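In this chain, residues are counted from 1 in sequence order. In this text the structure is predicted, and so the values were computed from the model without any measurement.
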Amino acid sequence: MLPLVVLSPGFTRSRATLTSLGEDLASHGYVAAAIDHTHETAATVFPDGRVAAFALGTGWARTPDFWHAVKAGRARDVSFLLDLLLGCDPPWAGASRLSLGRIGRTTGASADAGARRSGAPAGERIRPPGSRGSQPL
């Protein structure tokens, strides 16, 4: 069974910034899945063809409510990816080889760290190292 690492870039950064890390992880036997966060990059294209444009640049006050919304959005993005990869009709033929107990996530920024702690949908499937029930990837 293969461990999965979700690569989540820093706030307003593209998944392309994590290409080298993803390639290195893959060369060591991990499955690396990089995501763009909706409204944080130039455009996010969904599997059904919808496009969500960049919407969180300048002009937004960085209030606690703003960061809460960013964290919640990031958690939804990771949950969407996990549902896609681990669901009954995954787009990748190797998905059946993923180890459900060995899922990790990189964090690109403090917004990501907060998303992990927010009790969001993906949170139960991703356990930080040292937490109860976690296993080394």
- Message: Is there a side-chain contact between Leu4 and Leu82 in this structure, where contact means two heavy atoms from C-beta onward sitting under 4.5 Å apart?
- Response: yes
- Hey, what do you get for OG1 (Thr41) to CZ (Arg13), rounding to the nearest 0.5 Å? 12.0 Å
- Heavy-atom side-chain contact between Phe80 and Thr38 under 4.5 Å: no
- Message: So His37 and Val70, do their side chains get closer than 4.5 Å, heavy atoms only?
- Response: no
- Which pair of heavy atoms, one from Arg62 and one from Phe11, lies closest together, and at what distance? NH2-CE2, 3.6 Å
- When every non-hydrogen atom of Ile35 is compared with those of Pro9, the smallest separation belongs to O-CD, 3.1 Å
- Measure the CZ-OG distance between Arg74 and Ser79 for me, rounded to the nearest 0.5 Å. 15.0 Å
- Query: Partners of Asp89 by side-chain contact (heavy atoms from CB on, under 4.5 Å), sequence neighbours excluded?
  - Reply: none
- Message: Between Leu85 and Val31, is there a side-chain heavy-atom distance shorter than 4.5 Å?
- Response: no
- For the residue pair Leu84 and Trp92, establish whether any side-chain heavy-atom pair is separated by less than 4.5 Å. no
Just list the side-chain donor-acceptor pairs under 3.5 Å for residues 15-29, sequence neighbours left out, or say none.
| unit_1 | atom_1 | unit_2 | atom_2 | d |
| --- | --- | --- | --- | --- |
| Thr17 | OG1 | Ser14 | O | 2.7 |
| Thr19 | OG1 | Ala16 | O | 2.9 |
| Ser27 | OG | Asp24 | O | 2.7 |
| His28 | ND1 | Asp24 | O | 2.8 |

- Task: Give a yes or no on whether Leu81 and Leu100 share a hydrophobic cluster (residues Ile, Leu, Val, Met, Phe, Trp, Tyr; joining criterion: side-chain heavy atoms under 4.5 Å apart).
- Result: yes
- Query: So how far is it from Cys88 SG to Asp83 CG, rounded to the nearest 0.5 Å?
  - Reply: 10.0 Å
- Message: How close do His39 and Thr44 get, counting heavy atoms only, and between which atoms?
- Response: N-OG1, 4.2 Å
- Query: So, for Gly10 and Glu40, which heavy atoms are closest and what is the spacing to 0.1 Å?
  - Reply: O-OE1, 4.1 Å
- Name all residues meeting the side chain to side chain donor-acceptor pair (under 3.5 Å) criterion together with Asp36; count only those two or more places apart in sequence or in a different chain, and write none if there are none. none
In residues 46-53, what donor-acceptor pairs under 3.5 Å come from side-chain atoms, sequence neighbours left out?
| unit_1 | atom_1 | unit_2 | atom_2 | d |
| --- | --- | --- | --- | --- |
| Asp48 | OD1 | Arg50 | N | 3.0 |
| Asp48 | OD1 | Arg50 | NE | 3.2 |
| Asp48 | OD2 | Arg50 | NE | 2.8 |

